[in-house]
Amino acid sequence: MNKPTSGLKEIIKPYLNKCAELPAYCRKQAQKFAAAAKDKNTRKKYQKKLTGFIALIAERWRLVTLISAGFITIYYGLGAAVSSKIYNPIDTEIKPHTVTGKYLPPSVAYVLKTQVDDSAWVPALPAIFPAAVLDNLPNFQLGVKDSTRFLTKRLAVMYNDDKLKQAGELLDYPADIWLFSQTGEDKLAPGSAKQYRKAMAKIAAAVLTENNDETTQTHNLKYILESFNIILKRQITKLEKQVQEHNSETFDFKADDIFFYVQGNVYTLYYALLAVSKDYQDIIVKTEQYEHLTTALKYFKDAENLSPLSVQNGAPEDSYAANHLLYLAYYLAQAQNQINAIRCALK
């Protein structure tokens, strides 16, 4: 048993010795460089080499340009394709809060986690990162963040909970902070993702207690469903406005921004409504609204599964031009009808 270990030590030992000698080697090289900088002949020699290198680049500028363009294309093209994929799993089983047994706060926290922890927070990345080039993922993540912020603030009012209030304030933090603030002084500032992780922890830890009487629970359920309705209204309006104002354009470069931002909101709504179906299951079943709820979930799922290669905003009256914004708006409108049907049925 000891032979392989001793053999491995013998192999690693020379490398460890070299690592130990590295500081002394670097110090020696620095001293040589400093001495060479003082010597005129050596300095002239390095200057000639530098001048020759610059002349070589100028002489072969076509090759240098081609290599640079190829590197940029591969770095940003391939890098963006790999790092900009939207992460939106819709089949994750969320565990309820360990104290209250509620599903809604952990579900909202999970949605935020998928964008902050399970994938990079792209809206804050500078242009040097490939993921910052494409705008699909950043807009999706902004949609998730804005919808979770809205729901968190609404729940904070409903439950009068300090942790949710603090989480809502943290989610107000600008989404594009990487290392520096947006002031003219460019001071170091907490990153957006760091602030959102704090918000996520507060949402998950919120202990929301409510009376078990049917009147209170029905009131709270209607309040939550109204919150969903507000988000849906805003997203449908956003889609319809973009279609009305820009469908005549040959290339609508903002259509994909709107499309994926709305899908980010839908992603939050899907998990939030799924949580509501468990938190208020007794009332939903008693009022015979379970079919409406499951239908709304299906429309949200269909909306989230829309994945066009290129988002088109064609004229609605054109039989051959696609309009993905209208497709998305259709699913949201159908889900909204189902949610409003549930609200009307609640006494």
Side-chain angles (χ1 to χ4, degrees), residues 86-94 102-115 118-119 136-137 139-152 154-155 203 221-240 242-243 256 258-281 283-285 287 289-308 311 323-346:
I86 292 174
Y87 183 65
N88 57 342
I90 54 176
D91 55 356
T92 304
E93 185 176 349
I94 309 299
K102 288 189 173 297
Y103 285 87
L104 186 53
S107 297
V108 174
Y110 168 77
V111 171
L112 198 56
K113 175 181 176 295
T114 60
Q115 307 308 312
D118 298 340
S119 58
N136 295 352
L137 177 57
N139 281 287
F140 182 88
Q141 292 182 328
L142 288 174
V144 169
K145 194 270 290 187
D146 288 348
S147 53
T148 54
R149 177 184 60 187
F150 179 80
L151 288 179
T152 299
R154 294 275 292 184
L155 289 175
I203 295 170
L221 175 55
K222 290 176 71 174
Y223 180 85
I224 294 170
L225 293 177
E226 174 60 23
S227 303
F228 296 168
N229 188 43
I230 293 172
I231 295 176
L232 286 168
K233 277 184 180 178
R234 291 177 179 176
Q235 304 318 305
I236 293 171
T237 301
K238 192 183 296 287
L239 291 167
E240 290 178 344
Q242 188 68 18
V243 172
D256 59 340
I258 303 292
F259 182 89
F260 289 105
Y261 176 84
V262 172
Q263 272 200 331
N265 283 266
V266 173
Y267 184 57
T268 303
L269 287 173
Y270 174 81
Y271 272 104
L273 184 59
L274 190 62
V276 164
S277 70
K278 298 175 182 177
D279 287 341
Y280 298 94
Q281 182 177 2
I283 295 176
I284 292 169
V285 171
T287 55
Q289 297 305 307
Y290 206 77
E291 184 177 349
H292 286 301
L293 192 142
T294 54
T295 304
L297 284 172
K298 180 184 179 300
Y299 281 122
F300 282 150
K301 198 170 186 178
D302 290 340
E304 197 62 26
N305 284 335
L306 277 176
S307 183
V311 177
N323 194 310
H324 298 106
L325 302 184
L326 287 180
Y327 297 160
L328 188 56
Y330 167 78
Y331 288 127
L332 298 195
Q334 293 299 321
Q336 186 183 38
N337 289 338
Q338 302 300 319
I339 289 173
N340 285 334
I342 300 172
R343 287 175 56 224
C344 292
L346 297 174

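Nothing here was measured: the structure is a model prediction, and the numbers come from that model.
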Indicate yes or no for a side-chain donor-acceptor contact from [X] to the backbone of [Y] under 3.5 Å, with no hydrogens or angles considered.
X	Y	result
Gln263	Ser307	no
Asp279	Tyr103	yes
Tyr267	Phe140	no
Gln334	Phe300	no
Ser119	Thr114	yes

If you define the side chain from C-beta out and look only at heavy atoms, does anything of [X] sit under 4.5 Å from [Y]?
X	Y	value
Val262	Leu325	no
Val276	Phe228	yes
Lys301	Ile90	yes
Ile284	Leu221	yes
Val311	Phe260	yes
Arg149	Lys145	yes

Once you round to the nearest 0.5 Å, how far does [atom1] of [X] lie from [atom2] of [Y]?
X	Y	atom1	atom2	answer
Ser147	Leu232	OG	CG	10.5 Å
Glu291	Gln338	CD	CD	8.0 Å
Thr294	Leu274	OG1	CG	11.0 Å
Leu273	Leu225	CG	CG	7.5 Å
Asn305	Asn88	CG	CG	8.0 Å
Leu155	Ile224	CG	CD1	6.0 Å

Side chain to side chain contact (heavy atoms under 4.5 Å, CB included) between Asp146 and Ile231, intermediate numbers included:
CA-CA 10 Å; Asp146 288 348; Ile231 295 176; over 6 Å; no
Locate the shortest heavy-atom distance separating [X] from [Y]; write the atom from each residue and the value.
X	Y	value
Arg154	Glu226	NH2-CG, 3.8 Å
Ala303	Val266	CB-CG1, 4.1 Å
Phe150	Ser227	CE2-O, 3.6 Å
Ile339	Ala296	CG1-CB, 4.2 Å
Gln289	Ile342	OE1-CA, 3.6 Å
Ser277	Leu293	CB-CD2, 3.2 Å

Among Thr92, Thr148, Leu104, Val108, which one satisfies side chain to side chain contact (heavy atoms under 4.5 Å, CB included) with Tyr271?
Thr92
Could you walk me through whether Tyr327 and Tyr331 satisfy the ring-ring contact (aromatic ring centres under 6.0 Å, His included) test, starting with their C-alpha distance in whole Å, then the side-chain angles of each, then the deciding distance to 0.1 Å, before giving a yes or no?
CA-CA 7 Å; Tyr327 297 160; Tyr331 288 127; 8.2 Å; no
Evaluation steps, side chain to side chain contact (heavy atoms under 4.5 Å, CB included), between Asn265 and Leu332
CA-CA 11 Å; Asn265 283 266; Leu332 298 195; over 6 Å; no
Using side chain to side chain contact (heavy atoms under 4.5 Å, CB included), reason through Tyr261 and Gln235 one step at a time and then give a plain yes or no.
CA-CA 9 Å; Tyr261 176 84; Gln235 304 318 305; 3.6 Å; yes
